[in-house]
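Heads up, the thing below is written out as structure tokens.
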Amino acid sequence: MAQATISVTPAVTDKSEQLCAAAASAATYSIHDDVGEVLFTKQQMAEKVVEMGKLLGKTYEGKAPVLMPILKGGFIFAADLIRALDPCPEDLVVEFVSARSYGARTETSGTVQVSFDAEAVVGRHCLMVDDLRDSGLTLLTVREQLLAAGAASVASVVLLDKRARRKVSYDPDFVCLDCPNQWVAGMGMDTNQRYRSMDYVAVLKPEAIQKAMHSA
Ligand SMILES: O=P(O)(O)OC[C@H]1O[C@H](OP(=O)(O)OP(=O)(O)O)[C@H](O)[C@@H]1O
């Protein structure tokens, strides 16, 4: 039987170069019909994630942190960030936090329902990872509950910071990009559970927002 061979591109071993090359190769991609304006491209975000990965890698070196993606919106950013940590802290573990306050609305309900494995955070340095700081209520509430559960420290990193919407006295410790005060979707962020998979951050057309909000 003939042996099958595949050609392999020489490996790029530097982590930053790998991530930037991957982003560059995806610089041209199709835009969803419901998008009115792309605010941040995949490449722009990938570059920020590389920078953040280096900063957090150094910050948490030797600290055995618990990386805590906040579901659902934080899962895509967290997946990118964990692979960009440089160096990746030894004994890093991942624990998911479930937090929800918006539902099918564009304003926070004012109450955040939170759940996580309390035993996993006792005495640990926790890093909350979320897509967005809007009012700040989610990060503040999760932080309070992690500290109450016995975390040694709690910090936060967000992909986007919508400062103009700040309603509580809490600011994320690490921010990749400042976001204008507009309803955005993509990179994990939804509109009534849609559009999370867009690999860029966009403002949707008003009619698309209305349609998504009123869909089942
Ligand atoms: O700063 P805040 O006003 O609290 O808003 C930010 C939060 O809102 C979104 O989550 P959402 O509650 O919509 O749930 P989801 O992550 O499941 O989409 C987002 O993912 C943040 O966690």
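Note that this is a predicted model, so its numbers are computed, not measured.
The salt bridge (Lys or Arg N to Asp or Glu O under 4.0 Å) pairs that include a residue from residues 147-163 are R133-D161, D134-K162, D161-R163, R163-D178, where partners are two or more places apart or lie in different chains. Among residue pairs with one or both ends in residues 89-98, none qualify as side chain to side chain donor-acceptor pair (under 3.5 Å); sequence neighbours excluded.
Shown here for T41 and Y200, the closest heavy-atom pair between the two residues is CA-CB, 4.3 Å. Of all the heavy atoms in T138 and S101, the pair that sits closest is OG1-OG, 3.9 Å. Taking both residues in full, the closest heavy atoms of F77 and D130 are given as CD2-O, 3.3 Å, listed atom of the first, atom of the second, then distance. The minimum heavy-atom distance linking C88 with L92 is given by the pair SG-CD2, 3.9 Å. In terms of heavy-atom proximity, L139 sits nearest to P172 at CD1-CB, 4.3 Å. Scanning all heavy atoms of the two residues, the minimum distance from D171 to R166 falls at OD1-NE, 2.8 Å.
Every residue two or more places apart in sequence or in another chain that forms a side chain to side chain contact (heavy atoms under 4.5 Å, CB included) with L137 is listed here: T108, V112, S135, T141, V168. Partners of K205 under the side chain to side chain contact (heavy atoms under 4.5 Å, CB included) rule, at least two apart in sequence or in another chain, are E207, A208. Every residue two or more places apart in sequence or in another chain was checked for a ring-ring contact (aromatic ring centres under 6.0 Å, His included) with H125, and none qualifies.
L81 and M45 fall within the same hydrophobic cluster, where Ile, Leu, Val, Met, Phe, Trp and Tyr residues are linked whenever their side-chain heavy atoms come under 4.5 Å apart, directly or through other members. Hydrophobic clustering keeps Y60 apart from V93 (ILVMFWY residues linked when any side-chain heavy atoms are closer than 4.5 Å, directly or through intermediates). Grouping the Ile, Leu, Val, Met, Phe, Trp and Tyr side chains by contacts below 4.5 angstrom, directly or via other members, places V158 apart from V201. Following chains of ILVMFWY side-chain contacts shorter than 4.5 Å, one can reach V142 starting from Y170, so the two form part of one hydrophobic cluster.
When hydrophobic residues (I, L, V, M, F, W, Y) are linked wherever their side-chain heavy atoms come within less than 4.5 Å, V122 remains an isolated member.
One distance of note links SG of C179 with CG of D131; it measures 10.0 Å at 0.5 Å rounding. Note that CZ of R165 is 12.0 Å distant from CD of Q182, once rounded to the nearest 0.5 Å. Expressed to the nearest 0.5 Å, how far CE of M189 lies from CZ of R196 amounts to 10.0 Å. Rounding to the nearest 0.5 angstrom, the gap separating the NZ atom in K54 from the NZ atom in K58 is 7.0 Å.
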Could you check I70 against V129 for side-chain contact (heavy atoms from CB on, under 4.5 Å), going step by step and ending with a plain yes or no? CA-CA 6 Å; I70 299 184; V129 184; over 6 Å; no
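By the neighbour-count criterion of 12 heavy atoms within 6.0 Å, atom CZ of F116 is densely surrounded, having more than that number from other residues, nucleotides or ligands.
Using a distance-only test at 3.5 Å, with no hydrogens or angles considered, a donor-acceptor pair links the side chain of S156 to the main chain of D173.
The side-chain hydrogen bond (donor to acceptor under 3.5 Å, both in side chains) test with S215 is passed by exactly one of R194, Q193, Q210: R194.
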